[in-house]
Structure formats: structure tokens, C-alpha cells
Amino acid sequence: MNNSACRSALVFALALSVSLTTLARGYFNDPAPLTVPHPTSFAECRQFFPEGRPPVVPKRPALRELCYEAFAVLHSGETKTPVFVAQRLNRKSIEDADERRADKFFADARLPAAERAELEDYKRSGYSRGHMAPAGDMPTPTAMAQSFSLANMVPQNAQQNGGSWAKIEQDTRRYVLRAKGDVYVITGPVFEPDAPTIGEGRVCVPRYLFKLVYDATTGRSWAHWQENREGERVSAPITYKELVQRTGVEFLPGLGK
DNA sequence: CGGCGGGCAATG
DNA sequence: CATTGCCCGCCG
């Protein structure tokens, strides 16, 4: 099954900064502690981006900015997945990340129904609901609950998610524990033209996943790059420049090297 | 080997 | 719809 809408996710036009459409404030589907309205503009959660500057993403339809307590999502209504998910981590946030995992996935009601993944799309799809901002990073119960929004998920191979990808997440947490200050992490999917889809909602299945790590203290950055398939191993990170070339997104405007 | 972190599905 | 038990891979 293919979805031509997935195509545009990788066909980048000119890399122009665009002002993104924002939604009127809405609500999560879940009850408390998710009933508090959360901002739908990165202007209200700049803390997740180094020097407050979000990535520069080429214009495409149905992009929406979503702020959560512990991460920010740029969501695509075409792929019904994140374009990227941004976090700011440090030693304290990782030390606080001892919440009990609560597997309560939910469709994010701040997104229009036509733009969002539903639980049904993932069910019996053969793919896992793979967190971009990991549940294991979440420092509070509220943040933990919010991380189960499908706006923070992509259809991910179960073996890769629980294997090499989990190791990358663990390695990143371990790095942050020993870092001097804030570490910014940006995680996301990469789609090929004619990407397969799952469910009646046709949620696009990414071919690759990346995780960019930027240590603001040292100015160093690197990126993990994995295929979304069984049998992947953790290999040497790629450079920031290489990541930008592969994705067409300037994740660290003015900072990356 | 047990514990942990990534998940799933059956049960009531 | 919440609880519970289970599978899997990795690591110390």
C-alpha cells in the first residue's frame, strides 16, 4: 500500500523558513493530567531548542507545532507522524526520569482528525508505536503520560525499536548524565517516495530514523541514523552536516558543525 | 542470570 | 478501559 502524500515529506523544495500555521488551542483526548491546554506554537516552548531557535523546515502542507511539558513536536498531517521531536536534557532531568512507564497511547485531539494517527491505524499493523521522545526520558508523570501521544510516534519495526534503537536511547541518556549542562536532542523519521502506510488513516512508515544530539556546552553534535527494519546494529554516528544533507532540514540553524 | 526498557495482548 | 502478564533484546 502506498500513499502519495508520504512523498512530499521527502521531496524538499527550497529550504525556506516559513511561518507555520498554528491551531487554536485544543485539548488532549485523555483526562487529567492531560486536560490542561498546551500551546500550539514553538514560540511558547523555545526552551527545547538551542538558543531558542527551532529547525528550519522546508514548507509543506499541514505542518503544526505542538508543545508538551517535556518536548516539542513538529507534526505533519500528510505523514500523520512527527517531522521531528525536540528535547532539552540535562543531568537533573535524566535523574528525574524514573517514572513508572504508563502505556496509555492516545490520538492527540489538538490535531484535526484528518491530520492525525488513530489507535486503530497501528493496531494489527505489524508495526510498533515507536516513541520519538522516549518514555524513558520523561521526568514527571505528566510528561510521561504526554509522551504516549500518537503525535510523538512513528510506525517502527518492533525488533529495531526494542533493540538497537533502545540502545541508542540508552546511550544518549548515559551521555547526558555525564554532560556538564544542557544537551539538545532532535529525533525524527525520514520517508521515501512511495512509503508504505498503515491503517485506514494511512499513516506513513518511515524508511529511516535519526537522533541528533547537540551538547551546548561543548558545541559538539552527532547523529545516529538507522534503517527502520529488523537486524539493524548501532553503528558510528554521522556528522551534523551529513544529517542535513540526507534530510534537507537545518536542525541547528547557526550552530551545527 | 536478573533487571530494565522497548513493546504487545488477554482478561475481567 | 484498566489491570495484569507476557515477549524481546541488551547489559552488568
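Note that this is a predicted model, so its numbers are computed, not measured. Sequence lines set the chain letters: A, B, ... in the order given, protein chains first and strands last, and positions in each chain run from 1.
Within 6.0 Å of the CD atom in A:Glu200, the count of heavy atoms belonging to other residues, nucleotides or ligands does not exceed 12. Remark: A:Arg229 CZ is packed, more than 12 non-hydrogen atoms of other residues, nucleotides or ligands lying under 6.0 Å away.
Within the structure, every side-chain polar atom (N or O) of A:His131 is placed at least 4.0 Å from both OP1 and OP2 of B:dG5. Note on A:Arg173: a side-chain N or O is less than 4.0 Å away from OP1 or OP2 of B:dG6.
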Give me, pair by pair, the N or O atoms of the protein and of nucleotides 8-12 of chain B that are less than 3.5 Å apart, along with how far apart they are.
| residue | atom | partner | partner atom | Å |
| --- | --- | --- | --- | --- |
| B:dC8 | OP1 | A:Arg129 | N | 3.4 |
| B:dC8 | OP2 | A:Arg129 | NE | 3.2 |
| B:dC8 | OP2 | A:Arg129 | NH2 | 2.8 |

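Of the residues near DNA chain C, A:Glu230 and A:Arg174, the one whose nearest nucleotide (by heavy atom distance) lies more toward the 5' end is A:Glu230.
Atoms CG (A:Asn161) and C1' (B:dC4) sit 15 Å apart, rounded to a whole Å. Straight-line distance from the CD1 atom of A:Ile168 to the C1' atom of C:dG9: 14 Å, rounded to whole Å. In this structure, A:Met132 places its CE atom 12 Å from P of B:dG6, rounding to the nearest Å. Residue A:Glu99 contributes atom CD, which lies 15 Å from atom C1' of B:dG5 at whole-angstrom precision. For the pair A:Gln226 CD and B:dG6 P, the computed distance is 15 Å after rounding to whole Å. If you take CD of A:Gln170 and P of B:dC4, they are 12 Å apart, rounded to a whole angstrom. The separation between A:Arg101 atom CZ and C:dT3 atom P is 16 Å, rounded to whole Å. One interatomic measurement links the two molecules: CD of A:Glu232 to C1' of B:dG6, which rounds to 16 Å at whole-angstrom precision.
A search for ring-ring contact (aromatic ring centres under 6.0 Å, His included) contacts involving A:Tyr184 returns nothing, not counting sequence neighbours.
A 4.5 Å side-chain heavy-atom check between A:Asp182 and A:Arg88 finds at least one atom pair inside the cut-off.
Minimum atom distance to the side chain of A:Ala135 is reached by B:dG6, of the listed B:dG5, C:dA2, B:dG6.
Under the 3.5 Å distance criterion, with hydrogens and angles disregarded, no donor-acceptor pair is assigned to the side chains of A:Tyr68 and A:Asn152.
Interatomic distance, A:Leu209 CG to A:His224 NE2, rounded to the nearest 0.5 Å: 12.5 Å.
Within 4.0 Å of A:Arg233, counting heavy atoms only, lies no atom of the nucleic acid at all. Across all strands shown, A:Glu169 has heavy atoms under 4.0 Å from sugar-phosphate atoms exclusively, and none from any base.
Ring pair A:Phe84/A:Phe49 is perpendicular by interplanar angle, where above 60° counts as perpendicular and below 30° as parallel.
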